[in-house]
Amino acid sequence: MNIFFIGAGNCTEIILEKMQNCIKKAYLLDYDVEKINFLKEKFHFCIESDFFISDDIDFYVECASVEAVKKYTENIIRNNKNIIILSSGAFSDFDFRNNVENILKNSRSQIFIPSGAIGGIDIINSLKDEINSITIETRKPPLSFNMINTKEELIFYGTAEEAIKNYPKNINVAITLSMAVESFDKVKVKIISDPKIIKNIHKIFIDSKAGKYEIKIENNPSNNPKTSLMAPLSVVGFLKKFNNSIKVGV
Ligand SMILES: NC(=O)C1=CN([C@@H]2O[C@H](COP(=O)(O)OP(=O)(O)OC[C@H]3O[C@@H](n4cnc5c(N)ncnc54)[C@H](OP(=O)(O)O)[C@@H]3O)[C@@H](O)[C@H]2O)C=CC1
Ligand SMILES: O=C([O-])CC(=O)C(=O)O
């Protein structure tokens, strides 16, 4: 398959590594030419590229930033191409979300938001209308927040929308949950900078008419300490099972 990557950083490198036997051509766009050159050297099927739309491309994959999602998605879906988005935080912007939904009404495109650094989206998909409350508590080492606190510190408590405004590279997971719940008011977010841990830990508490659920995820970080290794692996998992005729856990 041919993939256009928006962003040539940490997640893109991991996806390329894991998908190298399945990718024919990987187009790379990034502000940083050195990152592109590094990946071109490592994976010979990589090609530096400006943004373009082509029938040659099977998937656009965004592994860059909230801002990049806002810059490129509308063009991609106006042209009936599919995109996988990791920086799901972009969807907390009402105008952006609204425009995308309107364009999709007349487009054959699909937007795929992987579960990224969390799990339990299957539970939410099943219970959506039954949920009374949902909270995510995210705990990461201080380095992820460019902090040097020596004691545990609650650095944010509030809505998912406010959380992603304050921490656009650390809490996309809260917007992924909000998209799954189809409510931007319901998901409450706690963010803790914790010097005692080396993992990125997400706890999700769901109270619903069908039952109570607590999901704890202890992620190893990737080379980017803000980003859990599971986030790019969720894209790999999705791409590998996309063409399967039997889909499990849908
Ligand atoms: N949904 C989820 O569960 C998760 C989502 N994420 C998100 O995934 C994204 C990728 O993470 P990761 O690979 O670790 O990040 P990296 O910083 O390693 O790589 C992102 C690359 O994209 C570049 N970039 C950003 N915006 C643009 C743009 N508009 N045009 C061109 N290049 C751009 C960055 O350049 P520069 O450094 O100069 O900005 C950087 O080189 C991040 O937004 C992260 O927050 C991460 C973890 C979990
Ligand atoms: O990788 C993680 O653990 C979560 C993350 O950065 C995000 O949601 O933006």
Side-chain angles (χ1 to χ4, degrees), residues 4-18 27-39 48-52 60-76 83-92 111-121 136-141 143-146 156 160 163-180 187 189-194 197-204 215-238:
F4 190 110
F5 286 93
I6 303 169
N10 163 63
C11 287
T12 294
E13 183 179 357
I14 295 163
I15 298 167
L16 289 170
E17 182 89 51
K18 298 283 177 191
Y27 297 96
L28 306 180
L29 176 153
D30 200 292
Y31 290 137
D32 188 340
V33 179
E34 278 182 22
K35 284 186 188 156
I36 294 180
N37 287 340
F38 170 76
L39 293 179
E48 179 178 359
S49 181
D50 288 331
F51 184 74
F52 74 106
Y60 288 76
V61 175
E62 179 283 326
C63 302
S65 60
V66 163
E67 168 234 330
V69 175
K70 291 186 184 176
K71 187 166 172 190
Y72 295 108
T73 301
E74 292 181 13
N75 196 347
I76 292 166
I83 177 168
I84 301 168
I85 291 179
L86 261 186
S87 307
S88 54
F91 290 94
S92 65
I111 295 181
F112 300 100
I113 300 176
S115 45
I118 51 169
I121 308 279
I136 178 165
E137 181 192 290
T138 289
R139 201 175 268 270
K140 292 187 182 184
L143 182 63
S144 298
F145 308 111
N146 306 320
F156 179 85
I164 192 76
K165 273 188 206 148
N166 286 287
Y167 299 97
K169 295 183 178 179
N170 275 301
I171 198 76
N172 287 282
V173 285
I175 300 302
T176 303
L177 285 180
S178 303
M179 298 282 287
V187 179
V189 183
K190 272 187 192 176
I191 306 177
I192 297 158
S193 174
D194 184 346
I197 58 168
I198 51 168
K199 293 185 186 258
N200 295 331
I201 302 174
H202 303 287
K203 287 188 202 161
I204 302 166
I215 302 153
K216 183 178 181 189
I217 294 134
E218 292 193 33
N219 280 321
N220 293 331
S222 58
N223 286 335
N224 174 353
K226 295 180 172 66
T227 296
S228 299
L229 179 58
M230 193 162 79
L233 294 184
S234 76
V235 176
V236 174
F238 169 77

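Counting starts at 1 for both ligands and their atoms, following the listed order. Remember, predicted model here, so these are calculated numbers, not experimental data. All values below come from the heavy atoms of this structure, side chains included, with hydrogens, waters and symmetry mates left out.
Of the protein's non-hydrogen atoms, the one nearest atom 6 (N) of ligand 1 is N172 ND2, 3.8 Å. Looking only at heavy atoms of the protein, atom 4 (C) of ligand 2 is closest to K140 NZ, 3.5 Å. Closest protein heavy atom to atom 1 (O) of ligand 2: S228 N, 2.7 Å. If you check which protein heavy atom lies closest to atom 24 (N) of ligand 1, you get A64 CB, 3.7 Å. Atom 39 (O) of ligand 1 has its closest protein heavy atom at Y31 CD1, 4.1 Å. When only non-hydrogen protein atoms are considered, atom 17 (O) of ligand 1 lies nearest to N224 ND2, 4.0 Å. Shortest contact from atom 8 (O) of ligand 1 to any protein heavy atom: L86 CB, 3.7 Å. For atom 20 (C) of ligand 1, the closest non-hydrogen atom of the protein is C63 O, 3.5 Å. Looking at atom 21 (C) of ligand 1, its nearest protein heavy atom turns out to be D30 OD2, 3.3 Å. Looking only at heavy atoms of the protein, atom 18 (O) of ligand 1 is closest to N10 N, 3.0 Å.
In terms of N/O distances under 3.5 Å, ligand 1 is approached by S87. Below 3.5 Å of separation, one finds an N or O of C11 facing an N or O of ligand 1. An N or O contact shorter than 3.5 Å is missing between S115 and ligand 1 by distance. Ligand 1 has no nitrogen or oxygen under 3.5 angstrom from a nitrogen or oxygen of A8. Residue-to-ligand polar distances place S65 within reach of ligand 1: an N/O pair is separated by less than 3.5 Å. Where the criterion is an N or O separation shorter than 3.5 Å, residue side chain and backbone included, P168 fails it with respect to ligand 2.
Side-chain contact between F5 and D30: absent, with no pair of heavy atoms (C-beta onward) separated by less than 4.5 Å. In this structure, E13 and F38 have side chains that are in contact, with non-hydrogen atoms separated by less than 4.5 Å. Looking at C11 and L86, their side chains come closer than 4.5 Å, going by heavy atoms from C-beta outward. Using a 4.5 Å cut-off on side-chain heavy atoms (C-beta onward), N200 and V173 make no contact.
Side-chain polar atoms of T176 and S88 form a donor-acceptor pair below 3.5 angstrom. Side chains of N172 and S87: a donor-acceptor N/O pair is absent below 3.5 angstrom, by distance only. Side-chain polar atoms of N170 and S144 form no donor-acceptor pair below 3.5 angstrom.
Less than 4.0 angstrom separates some heavy atom of K169 from each of these atoms of ligand 2: 6 (O), 9 (O). Listed by number with element, the atoms of ligand 2 under 4.0 Å from a non-hydrogen atom of T227 are 1 (O). In summary, the atoms of ligand 2 found under 4.0 Å from a heavy atom of K226, numbered by their order in the structure, are 1 (O), 2 (C), 5 (C), 6 (O). Of all atoms in ligand 2, listed by their number and element, those nearer than 4.0 Å to a heavy atom of H202 are 2 (C), 3 (O), 4 (C). Taking a cut-off of under 4.0 Å to the non-hydrogen atoms of A117, the atoms of ligand 2 that pass are 1 (O), 2 (C), 3 (O), 4 (C).
Within a 6.0 Å sphere centred on CG of D32, other residues, nucleotides and ligands contribute more than 12 heavy atoms.
The shortest separation from a heavy atom of D32 to ligand 1 is not under 4.0 Å, leaving the residue out of contact.
Neither the backbone nor the side chain of K71 has any atom closer than 4.0 Å to an atom of ligand 1 (non-hydrogen atoms only). Only the backbone of I171 comes within 4.0 Å of ligand 2, judged by heavy-atom distances. Heavy atoms of A231 found under 4.0 angstrom from ligand 1 belong exclusively to the side chain. Proximity of K35 to ligand 1, defined as any heavy-atom pair under 4.0 Å, is confined to the side chain (atoms from C-beta onward).
When atom types are taken as modelled, the side chain of N219 and the backbone of A117 share a donor-acceptor pair closer than 3.5 angstrom.
Classified by interplanar angle (parallel below 30°, tilted 30° to 60°, perpendicular above 60°), the ring pair F52/Y27 is perpendicular.
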